[in-house]
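This report refers to the structure that appears directly beneath it.
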Amino acid sequence: MSRREINAKFDEIIGFAGTEKFLETAIKHYSSGMNVRLAFAVAAHLNPEILIIDEVLAVGDAEFQQKCFAKMNEVINSGRTILLVTHSMEMITKLCQHAMLIREGRLEKIGSAGEVVDYYHATSESLVEAT
């Protein structure tokens with residue numbers, strides 16, 4: 001982002017992250033959760049063609065998770081792509097049209113989100129029974 005873009009979006013980013021009360025605090029004193037909130041807020045406001053998200057929703061309270069979910073829907077609805085790396089089957093079925101199951105570093109299944117989630121549940125149950 002250029003300095004002009006940062007200045008234009010600064011209040012929106014800080015508001016999204018919920019870190020307004022901590023603007024005078026050095027980032028080195030932020031908790032890991034606050035750092036992740038701020039990082040997601042910045043990334044979400046970059047307007048990238050592809051937004052890669054790795055388990056960010058596992059961090060933060062329910063309100064922040066809802067804000068993230070809404071922002072991801074906004075990105076999707078604007079025609080951009082989200083690559084979501086998660087263990088949350090609910091997030092996959094709510095946000096994704098297509099999914100890949102990678103188990104032990106190998107691509108095991110690719111298809112519609114519903115197909116892959118169903119396959120994951122079916123094979124995970126059989127893996128638990130085998131142990």
Side-chain angles (χ1 to χ4, degrees):
M1 287 176 119
S2 68
R3 184 167 298 281
R4 179 186 293 159
E5 289 172 308
I6 292 169
N7 289 336
K9 295 180 181 182
F10 184 80
D11 290 338
E12 189 178 348
I13 291 168
I14 297 303
F16 186 93
T19 56
E20 301 94 334
K21 296 184 283 187
F22 306 100
L23 285 179
E24 300 301 320
T25 303
I27 289 181
K28 68 181 181 181
H29 297 296
Y30 279 23
S31 68
S32 59
M34 287 173 64
N35 276 312
V36 171
R37 290 171 72 109
L38 188 56
F40 181 85
V42 170
H45 289 84
L46 285 173
N47 296 324
E49 285 299 313
I50 299 174
L51 180 60
I52 301 172
I53 301 172
D54 182 6
E55 296 285 1
V56 71
L57 295 177
V59 177
D61 55 30
E63 180 183 349
F64 183 70
Q65 290 178 12
Q66 281 304 111
K67 285 169 57 171
C68 291
F69 183 75
K71 189 64 170 178
M72 287 189 289
N73 270 320
E74 181 183 314
V75 169
I76 291 166
N77 292 333
S78 73
R80 293 177 284 153
T81 299
I82 290 183
L83 174 61
L84 176 64
V85 180
T86 185
H87 293 95
S88 171
M89 299 302 114
E90 180 183 5
M91 294 305 297
I92 292 169
T93 56
K94 284 184 176 180
L95 286 172
C96 303
Q97 295 175 348
H98 306 285
M100 292 185 286
L101 172 61
I102 300 173
R103 198 182 319 248
E104 296 179 5
R106 295 194 175 133
L107 178 60
E108 188 169 317
K109 177 79 172 163
I110 191 167
S112 74
E115 290 173 347
V116 174
V117 167
D118 290 345
Y119 175 84
Y120 171 78
H121 286 302
T123 59
S124 294
E125 290 170 9
S126 65
L127 289 174
V128 171
E129 292 170 5
T131 56

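Heavy-atom basis, side chains included; hydrogens, waters and symmetry copies ignored.
Formation of a donor-acceptor pair under 3.5 Å by the K9 side chain with backbone atoms of H45 is found in this model. Between the side chain of T19 and the backbone N or O of F22 there is no donor-acceptor pair closer than 3.5 Å. Put simply, the side chain of S78 gets close to the backbone of V75: a donor and an acceptor are under 3.5 Å apart.
I6 and I13 fall within a single hydrophobic cluster, where Ile, Leu, Val, Met, Phe, Trp and Tyr side chains are chained together by heavy-atom contacts under 4.5 Å. Side-chain heavy atoms closer than 4.5 Å link hydrophobic residues (I, L, V, M, F, W, Y) into clusters, and following such links, even through other members, never connects V117 to L84. Note on M34 and I27: same hydrophobic cluster, where clusters join Ile, Leu, Val, Met, Phe, Trp and Tyr whose side-chain heavy atoms are under 4.5 Å apart, directly or indirectly. In the hydrophobic clustering of this structure, I110 groups with I102; members are Ile, Leu, Val, Met, Phe, Trp, Tyr whose side-chain heavy atoms approach within less than 4.5 Å, directly or through other members. In the hydrophobic clustering of this structure, V42 groups with F10; members are Ile, Leu, Val, Met, Phe, Trp, Tyr whose side-chain heavy atoms approach within less than 4.5 Å, directly or through other members.
If you take CZ on R80 and CE on M72, they are separated by 13.0 Å, rounding to the nearest 0.5 Å. The line from CG of L95 to CD1 of I76 is 4.5 Å long, rounded to the nearest 0.5 Å. Rounding to the nearest 0.5 angstrom, the gap separating the CD atom in Q65 from the OG atom in S88 is 9.0 Å. In this structure, CG in L46 is found 8.5 Å from CG in L51, a value given to the nearest 0.5 Å. Taken to the nearest 0.5 Å, the NZ atom of K109 stands 10.5 Å off from the CG atom of L107. Remark: D54 CG to T86 OG1 distance equals 8.5 Å, nearest 0.5 Å.
In terms of heavy atoms, C96 sits closest to A113 at O-CB, 3.3 Å. Heavy-atom minimum distance, Y30 versus L38: CE2-CD2, 4.1 Å. Residues F64 and A17 come closest through the heavy atom pair CE1-CA, 4.3 Å. Smallest separation of non-hydrogen atoms from K71 and A44: CE-O, 3.3 Å.
Considering only heavy atoms from C-beta on, M91 comes within 4.5 Å of F69 through its side chain. Residues T123 and E108 meet the side-chain proximity criterion, which asks for heavy atoms closer than 4.5 Å. Using a 4.5 Å heavy-atom cutoff, the side chains of V116 and I92 are not in contact.
For the pair K67 and F16, the distance from NZ or CZ to the six-membered ring centre is under 6.0 Å and the angle to the ring normal is within 45 degrees.
Salt-bridge check for E90 with K94: passed, with a basic side-chain N closer than 4.0 Å to an acidic carboxylate O.
Side-chain N/O atoms of R4 and S2 include no donor and acceptor closer than 3.5 Å.
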